[in-house]
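Following: one structure in C-alpha cells, then a few remarks.
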Amino acid sequence: MNDAAQEARRGFQSGYAKSVCSPQKSHELTRAVAPAPSLRSLYIGEDWEARQNSDMSHWLIVGASRGIGLETARQLSARGERVTASVRSAAGLAALKAAAPQAAPLQFDVRNEAEIEAAAAQVSDPIDVLIANAGAYGPQRQSSTDMDFDGALDLLSVNTLGPLRVVQAFLPLVKRSSAHPRIVLMTSRLGSMSLGGTVNVAYRVSKAGLNKIAQCLADDLKAEGVVVVALSPGRVRTDMGGPDATLDVRDSVAGIIRTVESLTLADTRRYLDYRGEGLPW
C-alpha cells in the first residue's frame, strides 16, 4: 500500500471522521448561535488601537479547534500576529483559548451559511490571510462499490462547499487588505486527479472538488490582486491523520506559514505542499 493510501486508511479509521460527518451531527449543528461579541472585546490583555496601528498581518484561521488549525493559531499568536480563529463547539473554544489566548474567536459550522454570515458581520478589519482549514474524512462506507450516500453528501458540504461558503462571506474583508491578500484552501494529495488508489472515495472526491474551486476562485480574483492556492499539509500526526503519520504538526504548520508568507500573485492558482513545492492537479 502506498503512502497516500496509508494516509487515507488512517483517516478512515479515525473517530473524528465518524463524529463530524454523520448526518445526525449535521442536523444537530445547524442550530442558530448567539451573536458573537465584537473583536474589540475579544482580544485579551492587549490594547486594541495599538494592535490596529501595528504592521502585523491579520490572519483568519477557519477550523482551529484541533490539529493543524489550532497549531497555526498558536504559532501565529505566539509571534504576535493578529489572529481571528473559528471553532465549531464550546470544547473547541476552550481548546483555542488554552493554546492561543490572544486569538479572537468566532464560532460557526462551515455547513451553516447563516452562522458563517453572522460571524463575518462581527469582523470589521481587513483580512490579509484567510486559511480555510475546517474539514473531515467522512463516513465509514465510502468505496466506489459501497457508498454511504448521505454521509458522502455531508462530507461534500464540509470539505468542498464549506470553504466556499467561508470565502464568499469573508471576501469583502479580504479584498480590503493592503498586504497582498491571500486565500489558502487546505486540501490533500488525495485530491489530485493524477494520483491512483481507491481508498476513501468520498474524501478524494471532496478534495478534488475543492481543488477545482481553488482554480476558479484564483481565476475570478486575480484581477483584484487576491492570491488563491490549494495547499496540502502533508501526512500529519493529528486526530485526523493518525499517530503513524510521518510529519509532526508543528513542522507542518511552520512550513505552511512560511509558504503562505512567501506567496505572490505569480503563485495564484497553484497546488502546493506545505514546503511550497508544486503538486500535480
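On a predicted model such as this, the values are computed, not experimentally measured, just so you know.
Evaluation of the salt bridge (Lys or Arg N to Asp or Glu O under 4.0 Å) rule for Asp219 yields Arg269 as partners, not counting sequence neighbours. Shown here are the side chain to side chain contact (heavy atoms under 4.5 Å, CB included) partners of Ala120, two or more places apart in sequence or in another chain: Ala169, Phe170. The side chain to side chain contact (heavy atoms under 4.5 Å, CB included) search around Ser65 returns Val87, not counting sequence neighbours.
Listed by first then second residue, pairs satisfying ring-ring contact (aromatic ring centres under 6.0 Å, His included) with a partner in residues 253-272 read Tyr271-Trp281, not counting sequence neighbours. For residues 257-266, the set of pairs meeting the salt bridge (charged side-chain N to carboxylate O under 4.0 Å, His left out) definition, not counting sequence neighbours, comprises Arg79-Glu261.
For the pair Arg141/Met147, no side-chain contact is recorded, criterion being any heavy-atom separation below 4.5 Å from C-beta on. His58 has its side chain within reach of Thr84: a pair of non-hydrogen atoms, C-beta onward, lies under 4.5 Å apart. Using a 4.5 Å cut-off on side-chain heavy atoms (C-beta onward), Ser86 and Ile61 make no contact.
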List the atom pairs, donor and acceptor, that lie under 3.5 Å between side-chain atoms in residues 177-186 and the rest of the protein, sequence neighbours left out.
from	atom 1	to	atom 2	distance (Å)
Ser177	OG	Asp128	OD1	2.6
Ser177	OG	Ala179	N	3.0
Arg182	NE	His180	O	2.9
Arg182	NH1	Val260	O	3.3
Arg182	NH2	Ala179	O	3.2

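Test Thr259, Leu263, Leu217 against Val229 for side chain to side chain contact (heavy atoms under 4.5 Å, CB included) and you get one pass: Leu263.
Checking side-chain atoms of Ser206 against main-chain N and O of Leu155 turns up no donor-acceptor pair under 3.5 Å. Using a distance-only test at 3.5 Å, with no hydrogens or angles considered, no donor-acceptor pair links the side chain of Glu71 to the main chain of Val249. Judged by distance alone, the side chain of Arg165 and the main-chain N or O of Val110 form a donor-acceptor pair under 3.5 Å. The backbone N or O of Tyr203 lies less than 3.5 Å from no partner atom in the side chain of Asn200, so there is not a single donor-acceptor pair. Glu81 places no side-chain N or O within donor-acceptor distance of the main-chain N or O of Trp59, the cut-off being under 3.5 Å. Using modelled atom types, no side-chain atom of Asn159 and backbone atom of Leu156 make a donor-acceptor pair closer than 3.5 Å. Listed for the Gln75 side chain is a donor-acceptor partner under 3.5 Å among the backbone atoms of Arg250.
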| Leu195 and Arg189: side chain to side chain contact (heavy atoms under 4.5 Å, CB included), yes or no, with the steps? | CA-CA 8 Å; Leu195 186 68; Arg189 287 182 61 240; 3.9 Å; yes
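Here the closest heavy-atom approach between residue Thr187 and residue Pro233 is recorded as O-CD, 3.4 Å. What you find for Leu70 and Ala99 is that their closest heavy atoms are CD1-CB, 3.7 Å.
Lys175 and Glu224 are joined by a salt bridge, as a carboxylate oxygen and a charged side-chain nitrogen come within less than 4.0 angstrom of each other.
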